[in-house]
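Note that the structure is predicted; figures quoted are calculated from it, not measured. Whatever order the structure lists ligands and atoms in, that order sets their numbers, starting from 1.
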Amino acid sequence: MKVVVIQGPNLNMLGMREQNIYGPVKLDDIHAQIEGVAKQNNVEIEFFQSNLEGEIVDRLQECYGDADGIIINPAAYTHTSIAIRDAIAAIQIPTVEVHLSNIYQREEFRHKSLTAPVCAGQISGFGPMSYHLGMISIIQIMNEVASMREAQAAQIAQQNLQG
Ligand code: DQA
């Protein structure tokens with residue numbers, strides 16, 4: 001099973017960027033932490049960060065037929081990007097949206113997520129732990145999807161046997 005973690009604009013600046021909101025932890029440290037969770041669960045993991053909307057759309061499209069789950073922090077594009085929302089909807093891969101800060105406690109323009117409605121769920125406000133929780137959630141969802149597929153395959157095999 002494979003998870004792709006997609007990070008939006010300015011998240012490469014974590015550690016120095018508005019530390020009062022986002023804390024002192026760097027993006028690489030967050031990635032190292034969730035890589036550990038992936039390893040413990042035998043899950044392959046890839047990381048991608050971009051400040052460009054189109055590159056995020058491209059990376060989402062590349063997940064089609066390749067990834068089993070996605071964790072995305074679209075950052076500011078959460079609140080503006082119909083293109084990223086449409087890409088998530090198009091690829092039909094379970095996706096968990098994460099935010100370090102609690103976007104509902106902040107400015108009103110951050111209260112609306114255009115992307116959350118096409119995700120399995122959203123985790124917001126737990127700092128780096130949002131990614132840890134996102135990882136646990138996506139692994140659980142991928143396991144559920146895999147066992148559903150196995151059950152369906154077994155049912156079809158049974159039907160075929162019965163002629
Ligand atoms: C963020 C919240 C967004 O509103 C903001 O634009 C970000 C980071 C978060 O992780 O808390 O860049 O996605």
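- The nearest heavy-atom contact from the protein to atom 4 (O) of ligand 1 is His79 NE2, 2.7 Å.
- At a cut-off of 3.5 Å, with distance as the only test, no side-chain donor of Glu44 or Asn42 sits close to an acceptor on the other residue.
- Leu11 is connected to Val98 through a chain of hydrophobic side-chain contacts under 4.5 Å among Ile, Leu, Val, Met, Phe, Trp and Tyr, so both are in one cluster.
- Nearest heavy-atom pair, Leu114 versus Ser81, reported as atom, atom and distance to 0.1 Å: CD1-N, 3.7 Å.
- Assignment of Ile103 to the shell around ligand 1 is supported, since a heavy atom sits closer than 4.0 Å.
- In terms of protein heavy-atom proximity, atom 1 (C) of ligand 1 is closest to His99 ND1, 3.7 Å.
- Classification of the His99-His79 ring pair by plane angle, with boundaries at 30° and 60°, yields parallel.
- Ile138 pairs in a side-chain contact (heavy atoms from CB on, under 4.5 Å) with only one of the listed residues (Ile93, Asp68, Val96, Val5), which is Val96.
- Ser101 and Arg106 form a side-chain donor-acceptor contact under 3.5 Å, judged by distance and modelled atom types alone.
- Rounded to the nearest 0.5 angstrom, Met129 CE and Ile136 CD1 are separated by 9.0 Å.
- Closest to atom 12 (O) of ligand 1, if we only count protein heavy atoms, is Arg17 NH2, 2.8 Å.
- Remark: minimum distance from atom 8 (C) of ligand 1 to any protein heavy atom is reached at Tyr22 OH, 3.5 Å.
- Closest protein heavy atom to atom 11 (O) of ligand 1: Ser101 OG, 2.6 Å.
- Scanning all protein heavy atoms for the shortest distance to atom 9 (C) of ligand 1 gives Leu100 N, 3.4 Å.
- Between Asn73 and ligand 1 there is a heavy-atom distance shorter than 4.0 Å.
- In terms of protein heavy-atom proximity, atom 6 (O) of ligand 1 is closest to Arg110 NH1, 3.0 Å.
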